[in-house]
Amino acid sequence: MDDLVSEVVRNGEAIIIRVAGEMNINSAPNFHTRVLEECADAPKHVVIDLGGLTFMDSTGIGTLLEIMRRLTRAGGKLSLVKLTDFITNIFDVTKMNQVFSIYATEEEALAA
Amino acid sequence: MTKSSSSSKSKPDRETIISVRNLRKTFTNSAGKDVTVLDSVSFDVARGETIVIMGGSGCGKSTLLNCLIGEYELDLGEIHYQTKDLSAPKNLTTMSPDEKNALRKRFGILFQSGALFNSLTVGENVALPLSEHSNVSPEVIDMIVALKLQLVHMLPHRDKLPSQLSGGQKKRAGLARATAMDPEILFYDEPSAGLDPVTSTAIDELMMDLSKKLAVTSIVVTHEMDSAFRIADRMVMLEKGRVLKIGTRQEYEVLRDADPASLTRYEDQLMNQFLNGYNKGPLTNADGLSEFEKLITG
């Protein structure tokens, strides 16, 4: 099974999840389960580093939206960082750039 | 005199995603006689382009669409697909059922009526392909449905039943469902049929918007000329089951705008009549109308 998560770093009340590969209909369900496991202790802030992603389809976007909804309901927040040109374009056309909190670097996201 | 070529731009510049070669489809009529509906049909479709297949009623365009999606077996010819999951072009006619099913998952199809399930809400209709063909959780599907409905401006109608929608809204909901699985190729069967001109224009704009946003290849079967000229990159004209012309929209515009009297080729006269909807010309002559007129006028 595809595992998109390449690294998980805990930083105080925040978790940084770095991903790499293609976030698609095959890999997104496993990614979703893994992120929910990592967030079992209800972190205040989850930062997902998308710098290593080469592709994302609607399932990927839906998965990120669902994670954000879950975190928000639990009083936490989701930030996305290091969007590639490909992902930036997808977020622009689907207007997801207006939905997600997006930062250039992990440091900027953690400081926000 | 207007110059027109019957074979110009038959091969697109970009990477070919569909290649149709020498397609023939025959049906047996009620009298037991074989009727050839499509014959020697060949054309290529480039990745990302919108190609319109047009022609009068009974010209074979809907049959061609059904052949392209693998619904009808061919009597002769080949249809090669080069979708992103394939390392080399693959012939639809020799694919195993599993391969055909895998290919069809790369398709989105908007049927004439929208073909929504009446007992399901709009949201449930859009969710159906994902819940049937993926392991994605219901919570994530919920988000994808919202995303797809928002793209076609139908999010406020998510919980409505199809019977509560207008014709245009049904088409938009059908479009959201057709794009649920992020198709590489979208097939549209008469997307403007039964719609008023304003709604028809709105659907055309939505189709163009989606093509651009999702970078999909679109195959549109229609006989609505206003719509065809709005959306097409290239156009294929069918007449009596054969390809009359493959050309760019601009080439067809030249043909449409030509003075019929300036056209010397029979095919050009025929297409000029069809594109303009004239009631006089080779199309109606072929149906015997002129002879009838001569008869009654002496």
- For the residue pair A:Ile25 and B:Val136, establish whether any side-chain heavy-atom pair is separated by less than 4.5 Å. yes
- Does B:Asp142 reach the side chain of A:Leu65, with side-chain heavy atoms less than 4.5 Å apart? no
- Query: Roughly how far apart are B:Ser134 OG and A:Asn24 CG, rounded to 0.5 Å?
  - Reply: 11.0 Å
What closest approach, in Å, do [X] and [Y] show between heavy atoms, and which atom pair accounts for it?
X: A:Thr59; Y: B:Val140; value: O-CG1, 4.0 Å
X: B:Met143; Y: A:Glu66; value: CG-N, 3.6 Å
X: A:Ser58; Y: B:Lys148; value: OG-NZ, 2.7 Å

Using a cut-off of 6.0 Å, state whether more than 12 heavy atoms not belonging to [X] lie near its atom [atom1].
X: B:Phe117; atom1: CZ; answer: no
X: A:Asp41; atom1: CG; answer: yes
X: B:Asn135; atom1: CG; answer: no
X: A:Lys95; atom1: NZ; answer: no

- Interchain contact, B:Ile141 with chain A, by part (heavy-atom threshold 4.5 Å): neither
